[in-house]
Structures are given as C-alpha cells and as structure tokens.
Amino acid sequence: GVTRILEPTPTPTAVPTAVPEDNSPVELDLSFVRSNVPNIDPQLTNDPDGIDLIENLFVGLTRYNHVTNQIEPALAESWTVSGDGRIWTFSLRDDIFWVRPSTQMIDAYVIAEPVRPVVANDVVFAVQRTCARETNSPDAFILFMIEGCEQAHQLAGATPADLENIGVRALNDTTLQINLNRPAAHFLTITSLWFMKPLPRELFEEAFVEEYGTDWQTAVQGDAPLLTSGPFIRLAPDFSRLQRNTEWPIPFQGNTEIVKINYIDTNDIGLLLWQAKSLDLF
C-alpha cells in the first residue's frame with residue numbers, strides 16, 4: 001500500500017487591526033464654585049482658587065512636590081547659605097521666560113512666545129511689593145524675617161530708597177541674595193509660597209497704566225496682554241482654559257496638557273456635572 005503523509009493546514013495568523021494614534025491633548029476638567037475670576041495677584045490673594053491659578057501660571061524660586069513632600073528647584077536651580085544661616089544666595093535658571101500665547105500652533109498646541117527671561121530683579125520686585133504697606137498684602141508679616149521688610153512695612157508710604165533697604169538684591173540677572181534677620185531652616189518652604197512669585201513689572205509700568213488703567217486684573221480679562229512664567233499659559237481671558245507652556249524647561253508632573261475650568265454657582269451643579277462625567281475633579 002501507499003502511505004500518504006498529510007501536511008497540517010497552517011492556521012492563518014490574525015492581523016491586528018491598526019488603532020489610530022490619538023494625538024489629542026490630555027484634558028482635565030475641573031470646577032470653581034464662583035461666578036467670577038479669582039484674585040490671581042500673588043502678593044494680594046489668599047483665595048484658594050486664585051492660589052491654584054498662580055501656582056500654574058507663575059514660577060517661584062522653588063516649588064513644593066506634593067508627592068515627595070520635598071522642596072525642589074524651580075527658577076532657582078541651586079542655592080547656598082552662609083555659615084550663620086542668614087544669607088541665602090540663589091543661582092537662577094536662564095531658560096525660564098515671561099511668555100504670551102502666540103498666533104501659531106503645532107498639532108493641537110498654541111505655541112508660547114518668549115518675551116524676556118525671568119530674572120533676579122523680578123523676585124526683588126515681588127519681595128519689595130509684599131513688604132510695602134500700601135500693597136496691603138495679607139502675608140507680608142511672613143517676610144518680616146527678611147532684613148528691612150518689617151521696617152518698610154511700618155512706613156505709611158515707603159519710598160524707593162526705603163524699599164532698597166530691604167535685604168533682597170539682584171547681584172546680576174541670575175544671582176539673587178536674600179539676607180535674613182536670623183537663621184530660618186524653613187526659609188526654603190517660604191520661597192515656594194505663592195506670594196514670593198513675581199508678576200512682570202510691565203503690569204505696573206506707566207505705559208500699561210495709561211493704556212489700560214491701574215487694575216491690571218480687570219485689564220487682562222479684556223484686551224490687555226498678560227505675561228506668565230509658569231508651567232501653563234492662559235488661553236482664555238476669563239482663565240477658563242489653560243495649556244501647557246511649550247517653553248517650560250522643567251519636566252512636568254503628571255500628563256495633563258489642557259485644563260478647563262468650569263465656573264459654577266453651587267456645589268450641587270458641580271455634583272451633577274461630575275455624575276455626567278463632565279468633570280474630572282469636583
């Protein structure tokens with residue numbers, strides 16, 4: 001007889017269906033229970049919503065990592081402290097800029113346009129502004145540990161010379177020196193707080209005031225430009241939409257690229273939006 005050898009029939013291999021790559025930005029939807037934009041002036045606000053915006057729009061010397069509970073470098077990439085614990089010298093990055101949204105886009109992102117670097121004098125301005133009584137900063141007393149701050153705050157109208165006596169100086173664009181009245185091991189924590197974050201001096205210059213008026217927060221919700229320096233930029237005048245700053249040089253924490261803020265009247269509305277999966281955070 002003839003023996004037949006049967007070859008096994010090969011099983012076809014399934015070809016995976018190609019899944020289109022989703023390049024759309026990761027969006028975070030959250031809510032503010034309020035009818036108006038919060039106060040986002042670092043030296044004036046103690047509004048939690050305003051502080052949240054400040055933390056994302058403006059850079060500070062250092063930043064607090066909520067995961068590790070550690071103070072990390074931000075605008076200041078390193079620092080030293082004198083042997084007596086009173087003189088802190090910060091070396092600043094030269095690649096963090098005051099930016100504004102440009103008219104150009106790449107993929108789904110608005111490109112941030114650099115205007116100028118954030119420099120040591122910007123931090124000097126923030127400290128002097130906090131210490132000046134006429135600013136009416138609710139947190140000024142915390143900086144009384146800085147030489148001359150309390151004395152300037154006691155004056156009804158501090159002159160530029162009085163403010164120059166405060167122990168914060170720009171040795172150059174990337175070197176900042178702060179002199180304390182006494183050693184303070186917790187000073188680095190203070191440098192991460194919102195009221196130590198500078199605003200651009202441009203908001204207070206004569207040309208801006210003449211064109212837009214003295215209330216810069218009202219002005220920037222209209223036609224006035226706003227320069228920001230933090231990991232996010234503002235895309236909407238009412239601060240309802242933020243986007244990652246394409247010029248930000250420090251690695252981001254998390255994957256959020258767009259933040260959408262819903263201003264709502266009550267917590268009940270927020271709960272309904274959250275139940276409808278229209279909010280990620282409530």
Side-chain angles (χ1 to χ4, degrees), residues 36-64 74-76 88 90 92 96 98 118-170 176-180 184 186-206 208-209 212-221 224-232 234 239:
N36 55 353
V37 177
N39 187 330
I40 61 159
D41 188 316
Q43 282 77 58
L44 289 182
T45 194
N46 53 13
D47 182 327
D49 293 338
I51 292 170
D52 282 345
L53 285 174
I54 290 165
E55 292 291 335
N56 287 286
L57 293 171
F58 300 106
V59 71
L61 285 174
T62 58
R63 62 179 180 175
Y64 181 76
L75 178 61
W88 291 74
F90 297 88
L92 309 188
I96 294 181
W98 293 107
V118 182
V119 296
N121 241 326
D122 291 317
V123 184
V124 172
F125 177 60
V127 173
Q128 290 180 345
R129 189 165 175 258
T130 303
C131 295
R133 181 191 289 187
E134 63 185 21
T135 303
N136 200 26
S137 173
D139 303 295
F141 69 95
I142 298 175
L143 296 190
F144 287 177
M145 65 174 61
I146 298 176
E147 283 185 354
C149 181
E150 184 173 9
Q151 289 84 345
H153 193 265
Q154 290 173 344
L155 300 173
T159 66
D162 295 323
L163 298 178
E164 288 294 328
N165 287 330
I166 298 171
V168 54
R169 294 174 180 83
L176 177 77
Q177 185 179 90
I178 300 180
N179 295 2
L180 306 183
H186 63 292
F187 184 59
L188 278 184
T189 300
I190 291 173
T191 62
S192 72
L193 297 177
W194 63 95
F195 53 84
M196 285 284 287
K197 298 178 189 291
L199 290 168
R201 287 178 181 264
E202 288 86 334
L203 294 177
F204 303 90
E205 290 177 345
E206 185 176 346
F208 184 93
V209 173
Y212 300 107
T214 55
D215 183 355
W216 67 265
Q217 294 198 71
T218 299
V220 300
Q221 291 175 52
L226 174 64
L227 305 183
T228 57
S229 59
F232 283 81
R234 178 193 69 158
F239 296 88

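Positions are given from 1, in the same order as the sequence printed here. From a predicted model like this one, the values you see are computed outputs, not experimental measurements.
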Going from [atom1] on [X] to [atom2] on [Y], what distance comes out if it is rounded to the nearest 0.5 angstrom?
| X | Y | atom1 | atom2 | result |
| --- | --- | --- | --- | --- |
| Ile178 | Cys149 | CD1 | SG | 11.0 Å |
| Thr228 | Arg234 | OG1 | CZ | 8.5 Å |
| Ile146 | Glu150 | CD1 | CD | 12.0 Å |
| Asp162 | Leu155 | CG | CG | 5.0 Å |
| Leu199 | Phe125 | CG | CZ | 7.0 Å |
| Met145 | Leu180 | CE | CG | 6.5 Å |

Quiz item: Donor-acceptor pair, Asp52 side chain versus Asp49 backbone, under 3.5 Å?
Solution: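 Such a contact is absent between Asp52 side chain and Asp49 backbone.
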Quiz item: Are any side-chain N or O atoms of Arg133 and backbone N or O atoms of Ala156, one a donor and one an acceptor, separated by less than 3.5 Å?
Solution: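 Side chain of Arg133 to backbone of Ala156, a donor-acceptor pair under 3.5 Å: no, none is there.
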Within the 4.5 Å heavy-atom criterion, are [X] and [Y] side-chain neighbours or not?
| X | Y | result |
| --- | --- | --- |
| Asn46 | Phe195 | no |
| Val124 | Leu176 | yes |
| Trp88 | Leu61 | no |
| Ile54 | Lys197 | yes |
| Phe204 | Arg129 | yes |
| Glu164 | Gln128 | yes |
| His153 | Leu143 | no |
| Ile51 | Thr45 | yes |

Practice problem: Go through the side-chain N and O atoms of Gln217 and Asp41 and say whether any donor and acceptor fall under 3.5 Å apart. | Solution: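 There is no such pair between these side chains.
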Quiz item: Regarding Thr191 and Thr62, is there a side-chain donor-to-acceptor distance under 3.5 Å anywhere?
Solution: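 Side chains of Thr191 and Thr62: pair found under 3.5 Å.
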Exercise. Look at the aromatic rings of Phe90 and Phe187 and report parallel, tilted or perpendicular, splitting at 30° and 60°.
Key: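 Rings of Phe90 and Phe187: tilted, 30 to 60°.
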Contact summary for [X] and [Y], nearest pair of heavy atoms:
| X | Y | answer |
| --- | --- | --- |
| Pro200 | Leu227 | CG-O, 3.8 Å |
| Thr189 | Ser192 | O-OG, 2.6 Å |
| Leu203 | Phe208 | O-CD2, 3.2 Å |
| Gly60 | Ala74 | O-CB, 3.2 Å |
| Pro42 | Phe58 | CG-CD1, 4.5 Å |
| Ala132 | Leu163 | CB-CD2, 4.1 Å |

Quiz item: Got more than 12 heavy atoms from elsewhere within 6.0 Å of CD, Glu205?
Solution: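 Buried by this count: over 12 neighbours within 6.0 Å.
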Practice problem: Evaluate the side-chain contact (heavy atoms from CB on, under 4.5 Å) criterion for residues Leu75 and Val123: first the C-alpha distance (whole Å), next the side-chain angles of each, then the deciding distance (0.1 Å), finally the verdict. | Solution: CA-CA 10 Å; Leu75 178 61; Val123 184; 3.9 Å; yes
Quiz item: Would you call Arg63-Glu55 a salt bridge at under 4.0 Å N-O?
Solution: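 No, no charged N to carboxylate O under 4.0 Å.
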